[in-house]
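For reference, positions follow the sequence shown, starting with 1. Fair warning: this is a prediction, and the values are worked out from it, not measured in the lab.
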Amino acid sequence: MKSNGNGLRLYAILYLAFLYAPIVLLPLFAFNDATIIAFPLKGFTTGWFRAMIDDGVLRGAVRNSLIVASSTAVLSTTLALLAARSTTRFDFKGKGAIMGLIMMPLVLPEIVMAMAILVVLLQVFGDVLGLFTIVLGHTLVCTPFAIAILSAAFQSLDKSLEEAAYDLGEGKFSTFRLIILPLVLPGIMSALLISFTISMDEFILANFLGGTTPTLPVYIYSQLRFPKSIPVIMAVATCLVAVSICLLIIAEYFRRRGVAKTGGKDTGGFL
């Protein structure tokens, strides 16, 4: 039994090293005073971060990504709120099939979805591709993640609270606004943050649907062809990792707060 435990421990260490070693190397090379990404390191510098800030094209790509991610987060969470509420509160014909179709983007290859959405959007909008079409594609991908989070939040609600509000004379809208919405608010915040993070990092759909309007992942990919730009990209990637970790921590905080607030059982989350 002891040898099995040591084997599992070694496997866990090797797995975590394989998973996180590339992320640890990002800040090392981002602060390395050399244009070549290789060991040994030459020295410490913050020049690549200054070059990142001074790059006007990069700032434009960041602005585009923030617009897309914010819009996607709001749209995805709104659609997910309606879907999660209806599926957890009501029974209707074809509910399983409908939810299966809505959640299908979780298992479909993104390259297939990107080509299909591009064909449809070209028929509807012509050659007018930009931030709006990227938002549509990202909303399709992010909505299932938001539904999964909000469905758990709604399922953990105590239905007796809603019934008590009806008995006291409250209508459906006022009960939802005054009772249900505050209870699922942590789940809503978590869904917003997760959708924002996924949209911010998404590349394939943005590359297909953006036309000549680059988002940050598309800009990073385009710069990988130029060796002198690699250290700046390392600096950008370091900032992205830091922001993503912060957003995930905040999302997990709101998720756990929602579980505690509704009195549900915590079955595990992002962290």
Side-chain angles (χ1 to χ4, degrees), residues 65-92 95-96 98-106 134-202 240-271:
S65 285
L66 289 175
I67 293 173
V68 169
S70 300
S71 303
T72 299
V74 173
L75 285 175
S76 299
T77 304
T78 301
L79 294 174
L81 182 65
L82 299 175
R85 171 61 176 169
S86 61
T87 55
T88 56
R89 182 64 177 83
F90 306 104
D91 289 324
F92 50 89
K95 182 172 72 171
I98 293 173
M99 288 306 299
L101 291 174
I102 293 175
M103 304 299 284
M104 191 174 291
L106 290 175
I134 298 175
V135 170
L136 292 180
H138 283 192
T139 300
L140 181 65
V141 172
C142 293
T143 299
F145 290 94
I147 289 176
I149 295 171
L150 289 172
S151 293
F154 278 112
Q155 286 172 354
S156 62
L157 285 177
D158 187 356
K159 292 184 179 180
S160 62
L161 297 176
E162 186 176 352
E163 295 171 355
Y166 292 150
D167 292 339
L168 294 174
E170 294 289 346
K172 290 186 177 181
F173 178 76
S174 60
T175 299
F176 181 81
R177 180 173 60 88
L178 298 174
I179 305 298
I180 299 173
L181 196 60
L183 290 174
V184 298
L185 185 59
I188 294 174
M189 295 300 300
S190 182
L192 281 169
L193 290 169
I194 292 299
S195 299
F196 181 90
T197 302
I198 294 172
S199 177
M200 194 74 181
D201 295 338
E202 206 284 325
L240 280 177
V241 169
V243 171
S244 297
I245 291 174
C246 290
L247 290 177
L248 285 174
I249 291 174
I250 295 172
E252 178 67 4
Y253 165 77
F254 279 109
R255 188 196 67 81
R256 294 185 180 184
R257 182 181 174 187
V259 171
K261 195 172 184 179
T262 57
K265 182 179 179 181
D266 193 349
T267 58
F270 311 111
L271 300 175

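By the 4.5 Å heavy-atom criterion applied to side chains, Thr77 and Phe196 are not counted as neighbours. For the pair Met200 and Thr197, the minimum side-chain heavy-atom distance is 4.5 Å or more.
Scanning all heavy atoms of the two residues, the minimum distance from Ala83 to Ser86 falls at O-OG, 2.9 Å. Closest heavy-atom contact between Val74 and Thr78: O-OG1, 2.7 Å. The two residues Ala84 and Thr88 have their closest heavy-atom pair at O-OG1, 2.6 Å.
To the nearest 0.5 Å, atom CG of residue Leu150 and atom CG of residue Leu79 are 11.0 Å apart. Interatomic distance, Ser190 OG to Leu185 CG, rounded to the nearest 0.5 Å: 11.0 Å. Atom OG in Ser65 sits 8.0 Å away from atom CD1 in Ile134 (nearest 0.5 Å).
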For residues 137-149, which side-chain donor-acceptor pairs fall under 3.5 Å, sequence neighbours excluded?
from: His138; atom 1: ND1; to: Ser199; atom 2: OG; distance (Å): 2.8
from: His138; atom 1: NE2; to: Glu202; atom 2: OE1; distance (Å): 2.9
from: Thr139; atom 1: OG1; to: Val135; atom 2: O; distance (Å): 2.7
from: Thr143; atom 1: OG1; to: Thr139; atom 2: O; distance (Å): 2.6

